[in-house]
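Chain identifiers are assigned alphabetically (A, B, ...) following the order of the sequence lines, protein sequences preceding nucleic acid strands; residue numbering begins at 1 within each chain. Keep in mind it's a predicted model, so treat the numbers as computed, not measured. Computed from heavy atoms alone, side chains included, the values below leave out hydrogens, waters and symmetry copies.
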Protein chains: 2
Amino acid sequence: MAEGATAVTSKPTYSISDLAREFSITTRAIRFYEDKGMLSPARRGQTRVYRPEDRVRLKLILRGKRLGLSLEESAEIINMYDPAHGNVEQIQRLLDSIRTKRARLQEQLQDIHALMAELDEAEARCLENLSTESLNK
Amino acid sequence: MAEGATAVTSKPTYSISDLAREFSITTRAIRFYEDKGMLSPARRGQTRVYRPEDRVRLKLILRGKRLGLSLEESAEIINMYDPAHGNVEQIQRLLDSIRTKRARLQEQLQDIHALMAELDEAEARCLENLSTESLNK
DNA sequence: CTTGACGTTTACGTTAACGTAAACTTTTGC
DNA sequence: GCAAAAGTTTACGTTAACGTAAACGTCAAG
């Protein structure tokens, strides 16, 4: 089961270690995300069978991690993609959390730009030091 | 000691709770950062006295947190601001880690833009649902 | 037919980043 | 001058996010 494709015409499936390899994580982590209700792969007997939608969800989880989100926060975001969300109040609260997330992302953008500028300076100082260092030889 | 300024002409100082209030964290957290070697405020007797440089360091720590960095990663970045870094090898390794950090920040930028786009879509779907919902009344 | 690669569940261990509490001293407002 | 507020150290508790290990099933290859 090196490649998960059953037929080129149908949707591909993946084993747990396929996904683990692709994203450089452990199978333990993937099962952990399932325990947390963030993944619910199909089963062939006992064995987990992942479909493209599961793979996308996993990608979203990992993107969240790269952004420093907790699994719970990622779960919240992923649930935003869901079909319908019942009543008006629920939708309002969803809108709220969307806007809150956006605000936090804006903050992160500022932080990243600031930090990048400082990395530039630090790099410049390094190069400076390297050149003066070579003069001492 | 409501305001930390001893004299307007000299550099201001801050108590631990001044900083805790300003950044909405606990004094426990601040002492914890000190335990980790990330802060080393002056002392007046037993009492910690923070100077502007300490405050800046704290800001850098918190910015790191917003970006999902571990305290260790933040410490590494903060140390990049230090005066001289000895020999050429050290500087080379510093340059390496600067470039690695930059790459990770670029990743984060991509992730943020992607996520923001998806938040836009999610918001649109919400508003859509709200309008169709109101028709059902 | 057994070995090895892959899968499963269950459960205890670990690390980071603090929270919480106790027990005590020091400073400050009135 | 004394209670309340703020400071200190020491130490155990907690949560998230897995790691690690045990103990077992399954199936294709040699």
Side-chain angles (χ1 to χ4, degrees), chain A residues 1-6 12-51 54-55 57-78, chain B residues 1-6 12-51 54-55 57-78:
Chain A
M1 205 183 287
E3 288 282 296
T6 48
T13 68
Y14 314 91
S15 77
I16 192 169
S17 43
D18 285 344
L19 294 182
R21 257 188 305 275
E22 175 173 3
F23 297 114
S24 300
I25 59 182
T26 65
T27 61
R28 176 67 179 87
I30 297 179
R31 292 196 193 94
F32 181 77
Y33 300 147
E34 181 175 344
D35 277 358
K36 293 287 160 177
M38 308 179 73
L39 293 175
S40 26
R43 298 268 179 153
R44 203 181 47 194
Q46 282 268 82
T47 305
R48 281 166 247 255
V49 178
Y50 296 87
R51 314 204 61 229
D54 299 312
R55 186 171 161 281
R57 276 176 160 263
L58 183 52
K59 281 180 87 166
L60 292 178
I61 294 171
L62 298 178
R63 186 183 66 188
K65 295 207 70 183
R66 287 196 300 273
L67 290 177
L69 303 189
S70 72
L71 293 184
E72 202 175 327
E73 289 175 304
S74 288
E76 203 188 331
I77 289 180
I78 291 175
Chain B
M1 206 183 286
E3 289 280 298
T6 48
T13 69
Y14 314 90
S15 77
I16 192 170
S17 42
D18 284 343
L19 294 182
R21 257 189 305 275
E22 176 172 2
F23 297 114
S24 300
I25 59 182
T26 65
T27 62
R28 175 69 179 87
I30 297 179
R31 293 196 192 95
F32 180 77
Y33 301 146
E34 182 176 344
D35 277 0
K36 293 287 160 177
M38 308 180 72
L39 293 175
S40 26
R43 298 268 178 152
R44 203 181 49 192
Q46 282 269 83
T47 305
R48 281 164 247 256
V49 178
Y50 296 87
R51 315 204 60 228
D54 300 311
R55 187 172 161 279
R57 277 176 160 261
L58 184 51
K59 282 180 84 166
L60 293 178
I61 294 172
L62 298 178
R63 186 183 65 190
K65 295 208 69 183
R66 287 196 300 272
L67 291 176
L69 304 189
S70 71
L71 292 184
E72 202 174 327
E73 288 175 304
S74 288
E76 203 189 331
I77 290 180
I78 291 175

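With sequence neighbours excluded, no residue forms a salt bridge (charged side-chain N to carboxylate O under 4.0 Å, His left out) with A:E72. Residues passing the side chain to side chain donor-acceptor pair (under 3.5 Å) test with A:R63 are B:E118, sequence neighbours excluded. By the salt bridge (charged side-chain N to carboxylate O under 4.0 Å, His left out) test, A:R55 pairs with A:E22, sequence neighbours left out. With sequence neighbours excluded, the residues forming a side-chain contact (heavy atoms from CB on, under 4.5 Å) with B:R28 are B:T26, B:F32, listed by chain and number. Here A:R51 pairs with A:E53 under the salt bridge (charged side-chain N to carboxylate O under 4.0 Å, His left out) rule; sequence neighbours left out.
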### Message
Walk along nucleotides 4-17 of chain D from 5' to 3' and tag each nucleotide B, S or - by protein heavy-atom contact under 4.0 Å, base first, then sugar-phosphate.
### Response
--SSBB-B-----B
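Rounded to whole Å, atom C1' of D:dC18 lies 18 Å from atom CZ of A:F23.
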